[in-house]
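Okay, structure first, notes after.
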Amino acid sequence: MKKTLGAPLFLGLAGLQLLAVLAIVFSSYITSEGVLMFHARNLLRNVGLNTMEHSRGFLKPAHDAAELAARLAQNRIVASDDPDRLEQLLFQQLQLTTQASGMYFGAADGSFVFVMRDSGTELFRTKFITYDDSGNRETRLIWRTDDFNPVREVQDPTDTYDPRNRSWFKGASETGGMTWADPYIFFSSRQPGITLAAPVFSEVDSVGGVIGVD
């Protein structure tokens, strides 16, 4: 009986074709994976760069507003110990800086002037913390319209806020320069955010207070 080579030859050729196909598929997979990873890295890098540039552009107005307010107060153009004039300065700066939710000045003696956008309304809210010569504390809240007209005023004797205990005040006081505070929960709005703080130096080169922008 004659042995035929047809079947072994066919199987051999089929095996070679299978190996060739597998080799091509594997090579294509490796090549495609490398190309995809290359494009993915480029996309991630571009997204990261765009995000950083967008963040810089978004935060720069807040940086400029804090720096301007600190310089005006430090150079006595707007006296940091005049709460009414200081409120007007912070109010105007907040109107120009739409990225900011609030601006304030905390003094080394614990007094405080805070102007913020009142959530849920189109009003601005100012918080004054002042001390008289006897050390008695008073906390006033004033709501104003966009043109600075008062709408409502109340006193809050239960308020315990002290700017000197906050991270933004401590950071700017300790470094002696403009600093970003770590993210935290805002005292008034109870919302998370970050603060840019700039120190205001007194005439004896000590920190007389800190300007903050939320």
Side-chain angles (χ1 to χ4, degrees), residues 55 58-97 99-119 124-133 135-142 155-214:
S55 298
F58 181 80
L59 296 174
K60 190 177 187 303
H63 178 279
D64 294 343
E67 186 174 31
L68 175 61
R71 288 184 178 181
L72 290 176
Q74 185 169 316
N75 294 327
R76 307 295 295 177
I77 297 174
V78 176
S80 59
D81 56 357
D82 186 338
D84 294 329
R85 290 191 64 191
L86 193 56
E87 180 199 12
Q88 294 179 21
L89 168 65
L90 298 177
F91 186 90
Q92 293 169 355
Q93 288 296 305
L94 188 59
Q95 284 183 311
L96 296 174
T97 312
Q99 296 90 335
S101 62
M103 294 187 65
Y104 40 85
F105 174 77
D109 63 358
S111 58
F112 188 57
V113 180
F114 178 28
V115 182
M116 64 175 288
R117 304 179 195 277
D118 192 39
S119 59
F124 292 82
R125 194 189 78 174
T126 300
K127 178 177 183 177
F128 289 106
I129 298 177
T130 56
Y131 294 86
D132 61 20
D133 295 337
N136 298 316
R137 172 188 172 117
E138 181 185 60
T139 301
R140 290 186 298 132
L141 302 175
I142 302 175
Q155 291 193 0
D156 184 6
T158 65
D159 183 83
T160 60
Y161 185 85
D162 190 334
R164 296 168 295 184
N165 296 332
R166 308 300 287 181
S167 60
W168 54 268
F169 190 98
K170 293 179 179 179
S173 299
E174 291 171 359
T175 63
M178 192 169 292
T179 58
W180 285 101
D182 292 332
Y184 66 102
I185 301 298
F186 292 150
F187 182 86
S188 298
S189 66
R190 310 312 300 171
Q191 297 294 321
I194 55 176
T195 294
L196 176 65
V200 176
F201 295 95
S202 65
E203 296 178 355
V204 294
D205 292 332
S206 61
V207 176
V210 175
I211 292 282
V213 180
D214 288 342

- prompt: Who passes side chain to side chain contact (heavy atoms under 4.5 Å, CB included) against Glu138, sequence neighbours left out?
  reply: Thr130, Arg140, Gln155
message: I want to check something: taking the side chain as every heavy atom from C-beta on, are Asp182 and Ser167 in contact at a cut-off of under 4.5 Å?
response: no
message: Testing the basics here: between Ala100 and Val213, what is the closest heavy-atom pair and its distance to 0.1 Å?
response: CB-CG1, 3.6 Å
- request: Taking the side chain as every heavy atom from C-beta outward, state whether Pro83 and Phe105 have any atom pair closer than 4.5 Å.
  value: no
message: Could you work out, with side chain to side chain contact (heavy atoms under 4.5 Å, CB included) as the rule, every residue matching Glu174, not counting sequence neighbours?
response: Lys170
- line: Smallest heavy-atom separation, Leu94 atom then Ser101 atom, equals CD1-C, 4.0 Å
- line: Those residues at least two apart in sequence (or on a different chain) that pass side chain to side chain contact (heavy atoms under 4.5 Å, CB included) with Asn136 are Asp132, Ser134
field: Separation of Thr126 OG1 from Leu86 CG (nearest 0.5 Å)
entry: 10.5 Å
query: Between CG of Leu89 and CG of Asp84, what distance do you get to the nearest 0.5 Å?
result: 13.0 Å
message: Can you list everything that forms a side chain to side chain donor-acceptor pair (under 3.5 Å) with Asp156? Sequence neighbours excluded, please.
response: Thr158
task: Determine the interplanar angle of the Tyr104 and Phe112 rings, folded into 0 to 90°, and report it as parallel if under 30°, tilted if 30 to 60°, perpendicular if over 60°.
output: tilted
field: Partner residues of Arg137 under the side chain to side chain contact (heavy atoms under 4.5 Å, CB included) criterion, sequence neighbours left out
entry: Ile129, Tyr131, Thr139, Asp159, Tyr161
- line: Of all heavy-atom pairs linking Ala108 and Arg164, the shortest is O-CD, 3.2 Å
statement: Residues Ser173 and Val207: closest non-hydrogen pair is OG-CG1, 3.8 Å
- request: Please name all residues satisfying side chain to side chain donor-acceptor pair (under 3.5 Å) with Gln95, sequence neighbours left out, ordered by chain then number.
  value: Asp146
- prompt: So how far is it from Asp214 CG to Gln191 CD, rounded to the nearest 0.5 Å?
  reply: 11.5 Å
message: Under the rule for ring-ring contact (aromatic ring centres under 6.0 Å, His included), what residues qualify as partners of Phe128, not counting sequence neighbours?
response: none
task: Check ring-ring contact (aromatic ring centres under 6.0 Å, His included) between Phe186 and all other residues, then give those that pass, not counting sequence neighbours.
output: Tyr184
message: Please report the interatomic distance OG1(Thr179) to CG(Leu196), rounded to the nearest 0.5 Å.
response: 7.0 Å
field: Distance (rounded to the nearest 0.5 Å) between Met103 CE and Arg117 CZ
entry: 10.5 Å
task: Would you give the length of the straight line joining atom CD of Gln92 to atom CD of Glu87, rounded to the nearest 0.5 angstrom?
output: 10.5 Å
message: For Ser111, give me all partners under side chain to side chain donor-acceptor pair (under 3.5 Å), at least two apart in sequence or on another chain.
response: Asp109
